[in-house]
Amino acid sequence: MTKSAIVLAAGHGTRMKSQTHKVLHPVCGKPMIHHILDTLEELGVDQTIVVVGQQREKVIEAVGSRADIAIQEEQKGTGDAVKAALPKLRSDVDTVVVLYGDAPLIQAKTIEGLFKMKDSEQADAVILTADVQDPTGLGRVFLNHQGHVARIVEEKDATPEERANHVINTGVYAYDRAALRMSVEELKNDNAQGEYYLTDTLAIIGDKGGKVVPLQVENPHEIASVNDRLQLSQVEALARQMILQKWMRDGVTIVDPGNTYIEASVRLSPDVTLLPGTILAGETHVASFATIGPNTRLVDTVVRERAVVQYTVSVESEIGEEAQVGPFAYLRPGTKVGARCKVGDFVELKNTVLGDDTKVSHLAYVGDAEIGRDVNIGCGVVTVNYDGEKKHRTVVGDGSFIGSNANLIAPLTIGEGVYVCAGSTVTEDAADDAFVIARTPQTTKPNYVRAWKARRAGNQPTVKGGEAGGH
Ligand code: UD1
Ligand code: CA
């Protein structure tokens, strides 16, 4: 069997009321069309054709080199869309699966089931059906006495009795190529919507003595489709559930699945623990025995073994093994936290590398910096990296100690084993082993305050602003 897939994505998606094409709307962080292309790649079809029409440039861009493109100039119905794809079919293809771009949850093994059924039944077409509680808006499937598909009636064309049928067309079909070509040519648009319905091909094939069999989907969640924003949120919820269940089956502890969000592109290892309020997005990878959450959002972030990350936002960053990050840390793009580091509360790191065993325990901003191993960055330290025009780098060598509230005015290089005193404003580089103190010497006036207050009470003129005297 040489297989092609035709994915229909030419329609307006009018009911979405969106400037974005329907198939480009993300479900769990991934555009619907990519869900389908991923599934087809997993399935391993020999050729995929995406039919585009409305807003085609963006759809073509999203498809990239992953499929051939066919153009349906005018949206005259699903049957007409398939017709537009037929000239693009590779000559050696004998079986064609047709899918709609607005049903992103279909699984590879379900499509595989259609191929198997087509083979074992020697059928001209197999259609995936579902028995649903609420069939509103969907095509109803009617069988003949042999149990083969006789016809599909769209809701808009159905009588009240026909609407009472809860067996619906999911919009996934496997066709014999010749039967598809023949039946698509014969389609008419004499129906309520004036469209060429793909669904009519099944009756045409049957009327010509062909065999069309139904296959009922095992998990009806897979065939949920998106026509408006409400359905988008429902499909999002189903996709989210499928992703969470997959990771739990693969050994991830998810304490509160109702309050955990994992995008389709995320990768987790067994024995990861996700606490409530965890949001994992993009190319985020979490290694074994790491604990994420509560209330943590990681985007494109790599977390290594046994790290603990809580109440944190991290974007395009890396967190080393056994590191502790948070509560209330913010890691901005380009940050790499070494093994066993501690990044504590109200710490912001940007484009910064922390060597192993380094601590930034509280209230600090470290940006555009390269901090060595075993460094202690005190409370309130700020790398002053921006002069209003340009960003400058700060380098701190291994084993150095930066006292609380120090300002490191970049560009600045501090060597290894340097000791910077608390409150210093450091403007000059310091070599290895240096002791740096850069603050105004203290003035203490002994036995002073009571006399000063008395002078002030006696209406003596004081320095402007009532200061306790200058120095
Ligand atoms: C379709 C089926 C219906 C089925 C339902 C399942 C038909 C006639 N009806 O109805 O039986 O129960 O899906 O979700 O097939 N498209 C084009 N060109 C067109 C028209 C549509 O490419 O001219 C594309 C759309 O972009 C969309 C897909 O085909 O991705 C389905 O079209 P849609 O209008 O959503 O069909 P439904 O009314 O949902
Ligand atoms: Ca639809």
Side-chain angles (χ1 to χ4, degrees), residues 1 3-8 11 49 51 76-86 89 93-103 106 110-111 113-132 135 137-159 161-217 220 223 225:
M1 223 194 275
K3 297 165 283 192
S4 264
I6 297 176
V7 183
L8 304 192
I49 302 167
V51 183
K76 294 187 286 189
T78 49
D80 182 68
V82 168
K83 192 175 175 182
L86 292 181
L89 275 185
V93 164
D94 50 51
T95 300
V96 183
V97 52
V98 178
L99 307 150
Y100 296 163
D102 62 0
I106 188 78
T110 304
I111 302 172
L114 290 179
F115 292 143
K116 285 199 182 124
M117 180 108 177
K118 182 172 173 295
D119 223 25
S120 64
E121 291 283 322
Q122 302 267 294
D124 295 286
V126 185
I127 159 182
L128 189 68
T129 64
D131 197 338
V132 295
L138 298 166
R140 312 295 205 277
V141 179
F142 294 90
L143 306 182
N144 64 20
H145 59 277
Q146 291 168 293
H148 298 167
V149 176
R151 63 206 169 94
I152 297 177
V153 182
E154 291 303 302
E155 177 157 287
K156 287 192 175 136
D157 301 289
T159 62
E161 297 79 62
E162 285 170 332
R163 286 186 191 186
N165 178 1
H166 284 207
V167 179
I168 59 95
N169 170 26
T170 66
V172 184
Y173 323 77
Y175 285 94
D176 173 71
R177 179 189 186 146
L180 179 63
R181 175 178 296 274
M182 176 280 292
S183 57
V184 160
E185 288 300 334
E186 305 247 320
L187 286 176
K188 296 197 176 62
N189 63 349
D190 51 353
N191 52 53
Q193 303 186 78
E195 287 187 358
Y196 296 93
Y197 292 160
L198 182 65
T199 43
D200 288 345
T201 57
L202 305 174
I204 293 170
I205 294 170
D207 291 347
K208 303 245 166 170
K211 183 174 175 187
V212 180
V213 292
L215 174 65
Q216 189 160 320
V217 70
I223 52 92
S225 60

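These numbers were taken from a predicted model, which means no experiment stands behind them. When a residue number appears, it is its place in the shown sequence, counting from 1.
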Participant: Please indicate whether Gln122 has more than 12 foreign heavy atoms, meaning atoms of other residues, nucleotides or ligands, lying under 6.0 Å from its CD.
Facilitator: no
Participant: Quick check for you: to the nearest 0.5 Å, what is the distance between Ile6 atom CD1 and Leu89 atom CG?
Facilitator: 5.0 Å
Participant: Taking it one step at a time, do Lys3 and Val97 satisfy side chain to side chain contact (heavy atoms under 4.5 Å, CB included)?
Facilitator: CA-CA 7 Å; Lys3 297 165 283 192; Val97 52; 5.9 Å; no
Participant: Could you verify whether a donor N or O on one side chain and an acceptor N or O on the other, from Tyr173 and Thr201, lie under 3.5 Å apart?
Facilitator: no
Participant: Keeping the roles fixed (side chain from Asp94, backbone from Met1), state whether a donor-acceptor pair exists under 3.5 Å.
Facilitator: no
Participant: Checking the side chain of His166 only, and the main-chain atoms of Val132 only, is there a donor and an acceptor separated by less than 3.5 Å?
Facilitator: yes
Participant: Can you list the steps and then say if Val172 with Val217 is a side chain to side chain contact (heavy atoms under 4.5 Å, CB included)?
Facilitator: CA-CA 10 Å; Val172 184; Val217 70; over 6 Å; no
Participant: Test Val167 against Leu143 for side chain to side chain contact (heavy atoms under 4.5 Å, CB included), laying out the working first.
Facilitator: CA-CA 10 Å; Val167 179; Leu143 306 182; over 6 Å; no
Participant: Which pair of heavy atoms, one from Ala103 and one from Ile223, lies closest together, and at what distance?
Facilitator: CB-O, 4.3 Å
Participant: Hey, could you give me the CG/OH distance between Leu8 and Tyr100, rounded to the nearest 0.5 Å?
Facilitator: 6.0 Å
Participant: Treating Arg140 as the side-chain partner and Val153 as the backbone partner, does any N or O pair qualify as donor plus acceptor under 3.5 Å?
Facilitator: no
Participant: Please give me the minimum heavy-atom distance between Gly210 and Asp124, naming the atom from each residue.
Facilitator: CA-OD2, 3.2 Å
Participant: Quick one: closest heavy-atom pair of Pro214 and Val149, and the distance?
Facilitator: N-CG2, 3.8 Å
Participant: Within the 4.5 Å heavy-atom criterion, are Leu86 and Leu180 side-chain neighbours or not?
Facilitator: yes
Participant: Less than 4.5 Å apart, side chain to side chain, heavy atoms only: is that true for Ile152 and Ile127?
Facilitator: yes
Participant: Search all heavy atoms of Ile168 against all heavy atoms of Pro135 and return the closest pair with its distance.
Facilitator: CG2-CB, 3.5 Å
Participant: Atom CZ in Arg177, atom OG in Ser4: separation rounded to 0.5 Å?
Facilitator: 7.5 Å
Participant: When rounded to the nearest 0.5 angstrom, what is the spacing between CG in Leu128 and CD1 in Ile111?
Facilitator: 9.0 Å
Participant: Give a yes or no on whether the backbone of Glu121 and the side-chain of Lys211 come within a donor-acceptor separation of less than 3.5 Å.
Facilitator: yes
Participant: For a quick test of reading the model, state the closest non-hydrogen atom pair linking Glu155 to Arg163 and the distance between them.
Facilitator: O-NH2, 2.9 Å
Participant: Set out, in order, the CA-CA distance, both residues' side-chain angles and the distance that settles side chain to side chain contact (heavy atoms under 4.5 Å, CB included) for Asn191 and Glu154, then state yes or no.
Facilitator: CA-CA 9 Å; Asn191 52 53; Glu154 291 303 302; over 6 Å; no
Participant: What is the distance from atom OG1 of Thr129 to atom CG of Asn169, rounded to the nearest 0.5 Å?
Facilitator: 8.5 Å
Participant: So, does Asp157 use its side chain to make a donor-acceptor pair with the main chain of Ala192 at under 3.5 Å?
Facilitator: yes
Participant: Indicate yes or no: at least one non-hydrogen side-chain atom of Met117 is less than 4.5 angstrom from one of Val213.
Facilitator: yes
Participant: Looking only at heavy atoms, what is the nearest atom pair of Gly77 and Glu195, with distance?
Facilitator: CA-OE1, 3.7 Å
Participant: Quick one: does any side-chain atom of Asp200 pair with a main-chain N or O of Ile204 as donor and acceptor, under 3.5 Å?
Facilitator: no
Participant: Closer than 4.0 angstrom, basic N to acidic O: yes or no for Arg151 and Glu162?
Facilitator: yes
Participant: Rounded to the nearest 0.5 Å, what's the gap from CG on Leu215 to OG1 on Thr170? Could you check?
Facilitator: 9.0 Å
